[in-house]
K.L.:
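Structure in structure tokens, see below.
Since the structure is predicted, the reported quantities are computational estimates derived from the model, not experimental observations. Just so you know, these numbers use all the heavy atoms, side chains as well, and skip hydrogens, waters and symmetry mates.
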Amino acid sequence: MTEPGAKPTLRDVAQKAGVHPGTASRALNPETASKVNAATAKRVMRAAKALGYRPNPIARSLRTSRSHTIGMLIPDFTNSMFPPMVRGVDRVLSERDYTLLLADTDNNAEREERLYGALRDRQVDGLVIGTALRHHPLLTRIIADEIPFVLVNRLTDDHPTLAVVGDEVSGIRQTVAHLVGLGHRRIAYLSGPLTTTTGAGRLSAYKHALAAHDIGVAPELITECAAWTEVEGAKGLRRLLDGNEAGAFTAVMAGNDMIALGCYGVFRERGIVCPDDLSLVGFNDMPFIDHFAPPLTTVRIPNGDIGVEAANLLLDAIGSGSVTPKVVTLPVRFIVRGSTGPA
């Protein structure tokens, strides 16, 4: 029996549950619990809870050669699309007794290198990466280091990988169809950085969607924003307005909601009434955008579900010891609010 004040051991749990210590160990490990009879597993869990037993992560790491930690690299934690994704990842990891180590790269390549080195030194079992660029040398290095990883929200042109994304092409198609249905034919586009697949892919989908409605692409109505931010969105809309005659376009599609948010500031400074003068559509459906004036029409990306799916894919790959490249595309939803109206 455990001495008074001493921490309970696995052997104490096994004795209380009336099972062999090996059985108790399997029952308490989320990766092997399914191999134990359900009634026995419940009995072991009750015994562990009653004794206040917690597995020793260091001892477990020595037995399994795993740290039971996962690193997650995101480009900007102030972007509200990422917290639901992080929560989705963390929920799955917690259920399977893994710990999440979160790192914000601030869209800085040198900082990302340092953070990756720190996560590698902590011997993470895998990575969830939301920072991928179309050409991203760090991913080549991670592959060489043989650390399993899954991409979220973005893809890369350089390597076939595990990835989970929203159906952005569908989102753009629905946006263009909505605007065309309102009578808009001159639809401007504020693209995100074309160094990312989200920037390049959404722009390509915009061009194809216009063509599907027999609308020609007008290069003067397209501008690239240097970052997915409110500040760059404002700069981009100013360039569009200054480079075109008044009334040259009646609607603006923004590469994401942060870029769209920058447009609201320009509307105020230039006396533009939305949607009477210009309709506006975003992408992502960030929290609180339904409180904008007017509320923003946008495409809802299932960010929490992306996180859940990514964590499951990664843990399955770690458990099997092999990574089979696969891209999982989750459906999106078009949300109509007050920022769009007739041309």
Side-chain angles (χ1 to χ4, degrees), residues 69-96 98-108 111-112 115-116 119 124-134 136 138-139 142 147-156 161-171 192-193 196-199 201-202 227-230 254-261 282-290 296 298-318 326-333 335:
T69 59
I70 298 294
M72 184 170 184
L73 293 166
I74 60 172
D76 179 9
F77 200 64
T78 64
N79 187 328
S80 60
M81 71 170 290
F82 287 107
M85 204 176 292
V86 172
R87 290 190 67 179
V89 171
D90 188 56
R91 184 164 68 249
V92 172
L93 297 185
S94 297
E95 291 172 353
R96 295 175 65 172
Y98 275 75
T99 299
L100 178 65
L101 302 178
L102 185 62
D104 184 343
T105 69
D106 198 27
N107 283 300
N108 182 289
R111 176 177 169 82
E112 183 181 45
L115 289 170
Y116 167 65
L119 292 172
V124 294
D125 295 327
L127 294 165
V128 179
I129 301 175
T131 58
L133 302 177
R134 294 176 64 189
H136 204 136
L138 180 60
L139 297 182
I142 295 171
I147 298 178
F149 67 90
V150 58
L151 303 183
V152 288
N153 188 53
R154 300 178 183 177
L155 302 173
T156 179
T161 63
L162 277 178
V164 186
V165 296
D167 191 347
E168 300 183 343
V169 171
S170 172
T196 63
T197 56
T198 42
R202 292 174 190 178
W228 301 96
T229 64
E230 177 183 356
N256 76 344
D257 291 341
M258 293 298 291
I259 290 173
L261 179 58
F283 206 105
N284 285 342
D285 195 33
M286 299 187 316
F288 311 121
I289 62 170
D290 55 329
L296 182 64
T298 189
V299 176
R300 178 173 296 167
I301 299 287
N303 292 311
D305 293 340
I306 288 175
V308 168
E309 185 70 23
N312 280 320
L313 283 176
L314 181 60
L315 293 183
D316 288 348
I318 292 170
K326 177 171 68 170
V327 177
V328 176
T329 303
L330 301 183
V332 300
R333 182 182 171 194
I335 307 296

K.L.:
So, for Gly71 and Leu100, which heavy atoms are closest and what is the spacing to 0.1 Å?
P.N.:
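Looking at all heavy atoms of both residues, the closest pair is C-CD1, 4.4 Å.
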K.L.:
Could you tell me the separation between the CG atom of Leu313 and the CD1 atom of Ile318, rounded to the nearest 0.5 Å?
P.N.:
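Separation between the atoms: 11.0 Å.
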K.L.:
Tell me if a side-chain donor or acceptor on Asp257 pairs with a main-chain N or O of Met286 at a distance below 3.5 Å.
P.N.:
yes
K.L.:
What I'd like to find out is whether the side chain of Ile259 reaches to under 4.5 Å of the side chain of Thr229, using heavy atoms alone.
P.N.:
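Counting from C-beta outward, Ile259 and Thr229 never come under 4.5 Å.
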K.L.:
Using only atom types and a distance under 3.5 Å, with no angle test, would you say the side chain of Thr156 pairs donor to acceptor with the backbone of Leu133?
P.N.:
yes
K.L.:
For Gly88 and Val308, which heavy atoms make the closest approach, and how far apart are they?
P.N.:
O-CG2, 3.6 Å
K.L.:
Which pair of non-hydrogen atoms, one from Leu119 and one from Ala103, has the smallest distance, and what is that distance?
P.N.:
CD1-CB, 4.5 Å
K.L.:
Counting distance only, does the side-chain N/O of Asn108 pair as donor-acceptor with the main-chain N or O of Arg111 below 3.5 Å?
P.N.:
yes
K.L.:
Distance from Leu296 atom CG to Phe283 atom CZ, nearest 0.5 Å?
P.N.:
12.0 Å
K.L.:
Could you pull out all residues at least two apart from Thr329 that satisfy side chain to side chain donor-acceptor pair (under 3.5 Å)?
P.N.:
none
K.L.:
Going by heavy atoms in the side chains, are Val327 and Val165 under 4.5 Å from each other?
P.N.:
yes
K.L.:
How far does CD1 of Ile70 sit from OG1 of Thr99, to the nearest 0.5 angstrom?
P.N.:
9.5 Å
K.L.:
Is the backbone of Ala163 close enough, under 3.5 Å, to the side chain of Thr161 for a donor and an acceptor to pair up by distance?
P.N.:
no
K.L.:
Filter on side-chain hydrogen bond (donor to acceptor under 3.5 Å, both in side chains), then keep only pairs touching residues 299-313, sequence neighbours left out; what's left?
P.N.:
Asp285-Arg300
K.L.:
Between Leu315 and Asp125, is any pair of side-chain heavy atoms under 4.5 Å apart?
P.N.:
no
K.L.:
Stepwise, does the salt bridge (Lys or Arg N to Asp or Glu O under 4.0 Å) test hold for Arg96 with Asp316?
P.N.:
CA-CA 11 Å; Arg96 295 175 65 172; Asp316 288 348; 3.7 Å; yes
K.L.:
Show every donor-acceptor pair shorter than 3.5 Å between a side-chain atom in residues 74-81 and any protein atom, with sequence neighbours excluded, or say none if there are none.
P.N.:
| from | atom 1 | to | atom 2 | distance (Å) |
| --- | --- | --- | --- | --- |
| Asp76 | OD1 | Thr78 | N | 3.0 |
| Asp76 | OD1 | Thr78 | OG1 | 2.5 |
| Asp76 | OD2 | Thr78 | OG1 | 3.1 |
| Asn79 | OD1 | Met81 | N | 3.1 |

K.L.:
Roughly how far, to the nearest 0.5 Å, is the NE2 atom of His136 from the CD1 atom of Ile129?
P.N.:
7.5 Å
K.L.:
Atom CD in Glu168, atom CZ in Arg202: separation rounded to 0.5 Å?
P.N.:
4.0 Å
K.L.:
Would you sort out whether Trp228 and Thr198 count as a side chain to side chain contact (heavy atoms under 4.5 Å, CB included), showing the intermediate values?
P.N.:
CA-CA 10 Å; Trp228 301 96; Thr198 42; 3.3 Å; yes
K.L.:
Can you name the closest pair of heavy atoms from Leu93 and Ala311 and give their distance?
P.N.:
CD2-CB, 4.4 Å
K.L.:
Passes side chain to side chain donor-acceptor pair (under 3.5 Å), Glu112 versus Thr131? Steps please.
P.N.:
CA-CA 9 Å; Glu112 183 181 45; Thr131 58; 2.4 Å; yes
K.L.:
Between Val299 and Ile335, does a side chain to side chain contact (heavy atoms under 4.5 Å, CB included) hold up when you go through it step by step?
P.N.:
CA-CA 6 Å; Val299 176; Ile335 307 296; over 6 Å; no
K.L.:
Should Thr298 and Ile289 be marked as a side chain to side chain contact (heavy atoms under 4.5 Å, CB included) after you check the CA-CA gap, both sets of side-chain angles, and the distance that decides it?
P.N.:
CA-CA 9 Å; Thr298 189; Ile289 62 170; 3.5 Å; yes
K.L.:
State whether the side chain of Thr197 and the backbone N or O of Leu155 hold a donor-acceptor pair below 3.5 Å, judged by distance alone.
P.N.:
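Yes, the answer is positive, given that a donor and an acceptor are paired below the 3.5 Å cut-off.
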K.L.:
Any heavy-atom pair between the side chains of Leu127 and Tyr116 that's under 4.5 Å?
P.N.:
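They are in contact (side-chain heavy atoms under 4.5 Å apart), so the answer is yes.
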K.L.:
For Pro193, does its backbone N or O pair with a side-chain atom of Thr196 as donor and acceptor, under 3.5 Å?
P.N.:
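It does hold such a pair.
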K.L.:
Less than 4.5 Å apart, any side-chain heavy atom of Leu151 and any of Leu139?
P.N.:
yes
K.L.:
Look up atom CD1 in Ile301 and atom CG in Leu330, then write down how far apart they are to the nearest 0.5 Å.
P.N.:
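Going from the CD1 atom of Ile301 to the CG atom of Leu330 covers 9.0 Å.
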K.L.:
With a 4.5 Å cut-off on side-chain heavy atoms, are Met72 and Val86 touching?
P.N.:
yes
